[in-house]
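Below: the structure, in structure tokens.
For reference, positions follow the sequence shown, starting with 1.
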Amino acid sequence: RAHFEAFWGEKIGQAFAKAVPGLRRAQAADLSLRARLRHDQCGRLPMPRFAALPLALVFAATLCLAADDNAHPPLALGSPAPDFSLPGIDGKTHTLAEYASSKVLVIVFTCNHCPTAQLYETRIKQLVRDYAGKSVAFVAIEPNDPDAVRLDELGYTDVSDSFDEMKVRAAYRQFNFPYLYDGATQSVSNAYGPKATPHAFVFDAERKLRFEGRIDNSQRESLVKTRETRAAIDAILAGKPVAVAHTGVFGCTTKWKAQSS
């Protein structure tokens, strides 16, 4: 079901992006999901109905999302990694300093409820395995305020984004990386500015930001052509410039506290 909705979320998101200039694919895909494109509904509604969504709804959502972009800009390339001290699902508090010995630090903002984030769990786990013993540290941070996740956004998941539900999801999917919770204050998320889940930030040994953006170019793993996060890691380890230092991201938009009202 998650695969089905992620696929159609991307397709309808592309349609929204073409219809409204300036609408990011991440925003458009999330908007399409917010339009309640669930599996059971897609089975009943003919595709032309999607094109009949009121343009006013798209326009209003675009304005809101643009305002959100301005309020939470992504960390600028070359910036030092903002410090953090966050609770992990392992019962420990994790800080930036504990990863100081690693040549590369990869921070991925992700969550439980988003079908795109769920699709990337296996790929993140594979990255951790592939770089084991190579001085690359991985940390996942859950940025969402659970109260800002609407009920209709939970129609394609069995868990939301609370700390307790993070533990359930991580155990079920057997995460092999630290999974930290920032939903209570969102202070760390405000400092980094993730636009969607997932959103990767890759830092060098001096903890300067060398890459931020997507993990790869397609939610559907069979269609992946470029792997930007992996390429950034390889470049830093090799002492080379990162060829592509920024990409757009796609997935579900970050659920900020302002949306909880």
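A heavy-atom distance below 4.5 Å is found between the side chains of N190 and H72. For the pair L127 and I215, the minimum side-chain heavy-atom distance is below 4.5 Å. Within the 4.5 Å cutoff, side-chain heavy atoms of V106 are placed close to those of I233. Inter-residue side-chain proximity for C114 and P198 is flagged as unmet; no heavy-atom pair is nearer than 4.5 Å. With a 4.5 Å cut-off on side-chain heavy atoms, P80 and R207 do not count as touching. Using a 4.5 Å cut-off on side-chain heavy atoms (C-beta onward), I89 and Y181 make no contact.
Under a 3.5 Å cut-off, the side chain of S135 and the backbone N or O of V104 do not form any donor-acceptor pair. Side chain of T254 to backbone of P194: a donor-acceptor contact under 3.5 angstrom is found. Side chain of E142 to backbone of N144: a donor-acceptor contact under 3.5 angstrom is found. No donor-acceptor pair closer than 3.5 Å links the side chain of T197 to the backbone N or O of A117. Formation of a donor-acceptor pair under 3.5 Å by the K125 side chain with backbone atoms of R173 is found in this model. Between the side chain of Q259 and the backbone N or O of A148, no donor-acceptor pair lies under 3.5 Å. A donor-acceptor pair under 3.5 Å is formed between the side chain of N112 and the backbone N or O of S160. Formation of a donor-acceptor pair under 3.5 Å by the Q186 side chain with backbone atoms of K257 is found in this model.
Apart from L96 itself, the hydrophobic cluster it occupies contains L75, L77, F84, L86, Y99, L105, I107, F109, V139, I141, L180, V188, Y192, F201, F203, L209, where clustering links Ile, Leu, Val, Met, Phe, Trp and Tyr at side-chain heavy-atom distances under 4.5 Å.
Scanning all heavy atoms of the two residues, the minimum distance from V159 to V168 falls at CG1-CG1, 4.4 Å. Smallest separation of non-hydrogen atoms from S79 and A76: OG-O, 2.8 Å. In this structure, F163 and G88 approach most closely via the heavy-atom pair CZ-O, 3.3 Å. Heavy-atom minimum distance, T122 versus R129: O-NH2, 4.5 Å. Of all heavy-atom pairs spanning P241 and A235, the tightest one is O-CB, 3.6 Å. The minimum heavy-atom distance between R123 and S218, with the atom names listed, is NH1-O, 2.9 Å.
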Apply side-chain contact (heavy atoms from CB on, under 4.5 Å) to residues V224 and N217 and explain how you reach the verdict.
CA-CA 6 Å; V224 170; N217 72 306; 3.6 Å; yes

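With rounding to the nearest 0.5 angstrom, the OH atom of Y172 is 7.5 Å from the CG atom of D158. With rounding to the nearest 0.5 angstrom, the CD atom of E98 is 9.0 Å from the OG atom of S85. For the atom pair CZ of R220 and OG1 of T116, the computed distance is 13.0 Å after rounding to the nearest 0.5 Å. Remark: D204 CG to F211 CZ distance equals 14.5 Å, nearest 0.5 Å. Taken from CZ in R210 to CD1 in I236, the straight-line distance is 5.0 Å, to the nearest 0.5 Å. Between atom NZ of residue K92 and atom NE2 of residue H94 there is a gap of 6.5 Å, rounded to the nearest 0.5 Å.
Checking each of E165, R169, Q118 against T157 for a side-chain hydrogen bond (donor to acceptor under 3.5 Å, both in side chains) leaves exactly one that passes, namely Q118.
When the side-chain contact (heavy atoms from CB on, under 4.5 Å) test is applied to D130, the partners found at least two apart in sequence or on another chain are Q126, R230.
Surrounding NZ of K103 are at most 12 heavy atoms belonging to other residues, nucleotides or ligands under 6.0 Å away.
A salt bridge does not link K255 to D161: none of the charged side-chain nitrogens sits closer than 4.0 Å to a carboxylate oxygen.
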